[in-house]
Amino acid sequence: MTAHVPVAVLTAYATGELGADDAMAWPVEAHLETCAQCQDRLAGLIPAPVGEMLAETRTAILARARNGPKPARRRRLRRLTHRWAAWSVFPWALVTLMAVIAAFLLDAAFPVRSAVVLLLAPVAPLGGLAVAWSRRWDPAWETVAGTARAGLELLLRRTVVVLATVLPLLAAVGWRLGTNPALWLLPCLTFTAAALLLGGLIGVSRAAVLLGGAWVLAIVLPALVTVRMPVFVQTESLPGWAVTAVALIGLTILRAGDHRHLSK
Amino acid sequence: MVRAVSAGEVAPSTQAWQVEATGLRVKAGSRLAVDGLDLMLAPGVHGLLGPNGAGKTTLMRALATVIKPKDGRLRLLGHDVRDRRSLRALRSRLGYLPQQFGFYPKFTVRDYVEYMAWLREVPAADVPAATQRAIDRVGLTDRAGSRLKSLSGGMLRRAGIAQAIVNEPDLLLLDEPTVGLDPEQRVEFRELLRDLGDASCVLVSTHLVEDVVAACSDVLLLDQGRLAFRGLPADLARAGASDGVGDSAAERGYSVLLRDHRSAA
């Protein structure tokens, strides 16, 4: 720290004799900015009119701070919802809820050899994924698409929201029916990972529709028509599901960068 | 001790050109809307004029990294847009107001601008202050708590401008920002534009020739995906001094330049 400002110089500064264009004013101001002691001394040296003006300004600022507009309230919950949920997902959530409940009622009414809930489990999150990051369903898509968090981050956040909606629902229904949790959990995760992986190449909406359509046409419809439960929803297929799920989730993480591109 | 100075330390912190496009081709659907465009943009306010279907919006979308150019080279703020590693960093320095700007109707103005600030990776501690500043700058302070669906068209546009400038972007793209603004607001908006153009590169697409003349340092005229003319607003007025159709010299200049370009092509 340098020595303090001499009294003569400080007096000259306080009375305005040391003008702003004077080279000596610069070191004085630089010193005053950081030195509380010299600020105190300066306060004692300023002429009365300046002191009055400062006091008035202070009162005015304090009055403004008391009577002026209040700071905007911080709404954490609201902000959290905005950052995680996409508006377009809400209608889908309702549809999925109703589909799962309908499947549950069917299974509960015809308990013998019926597993509609299990047939529905793999495709339950796909509808949500299809609308979660889609140009057609998201009204603000164009504004959002060019931002830093668009692409991978928003997609993953919305996937988490979709899974957080679907999994508890399936868990509740599965628990009431007394099915093995792995039987709905593993297919559900496998199809989610597959949709994300394929989505990196052809777009998540398209991938979700493709996978969901394939599952419904190839497995669900024949099963419902013939009233025979396919091997995919029975306990002996669990090791196969487990291996596929782990492999696909791993691949999805490896290929996450695919979502960080410009849309065509 | 003598210390070696690395290349990184002496590299310029800003680029000479915020936008560098060479032979840029961008598709809109199946049509080639931007067809072989060469464009270099430095800081300042650039006005983009052109008839409907000239490719203005498609060019804006490509510059905003919303769609991928089909062909040609496009560097924004010194980064190639096709480089996946630098895309995120580049996008956090962009601001974009789309022409058809969708929004979530239940959001309030503050929610919306705050959400966009977060999407553009404004540091969390700065988000509330940056939001308030952006809302103040477009003059929506007293409507900050209103829902977007309750706003008039002009106010909605201003909310859109607020979200575009909330991260103080180095490259700001405004597609038809003056639609729906009343004359007083347009004058205020021009002042805001000049203010923004001091530090960053602003590209404003518009149909209103007088906006360009009043607020832009540079005029670009686009026709059928190509650059038909580039010059000062004064050049526009000079071209229309004695010829052309329109109510003002600049409007006449616009029609003359467009006609000349078409007859030359």
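For clarity, every value in this text was computed on a predicted model and none was experimentally measured. Just the heavy atoms: all of them, side chains too, but no hydrogens, waters or symmetry mates, feed the values below. Each chain gets a letter, A, B and so on, in the order its sequence line appears, and its residues count up from 1.
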Worksheet, complete the sentence: Whatever's closer than 4.5 Å to a heavy atom in chain A on Q163(B) counts as side chain
Worksheet item: Which region of V81(B), side chain (C-beta onward) or backbone (N, CA, C, O), has a non-hydrogen atom less than 4.5 Å from a non-hydrogen atom of chain A, or is it both or neither?
Response: both
Item to complete: For the pair H82(A) and Y115(B), name the ring-plane relationship: parallel under 30°, tilted 30 to 60°, perpendicular over 60°.
Response: perpendicular
Worksheet entry | R91(B) and T65(B): side chain donor to acceptor below 3.5 Å | yes
Worksheet item: Among side-chain atoms of D38(B) and T22(B), is any donor-acceptor pair under 3.5 angstrom?
Response: no
Item to complete: Counting only heavy atoms closer than 4.5 Å, note whether L152(A) contacts chain B via side chain, backbone, both or neither.
Response: neither
Worksheet item: Under 3.5 Å, is there a donor-acceptor pair linking the side chains of D170(B) and S200(B)?
Response: no
Discussion item. Is it true that S146(B) and R143(B) share a donor-acceptor pair across their side chains at a distance under 3.5 Å?
Written reply: yes
Worksheet, complete the sentence: Cut-off 4.5 Å, heavy atoms of chain A, and the answer for L87(B) is side chain
Worksheet, complete the sentence: So, the part of K106(B) with a heavy atom under 4.5 Å from chain A: the answer is both
Discussion item. Can you tell me which portion of R85(B) sits under 4.5 Å from chain A's heavy atoms? Options are side chain, backbone, both or neither.
Written reply: neither
Response to the item:
salt bridge (charged side-chain N to carboxylate O under 4.0 Å, His left out) test vs D111(B) passes for just one of R78(A), R75(A), R83(A), R79(A), namely R78(A)
Discussion item. Counting heavy-atom pairs closer than 4.5 Å to chain A, which one of Y96(B), F103(B), F107(B) comes out on top?
Written reply: F107(B)
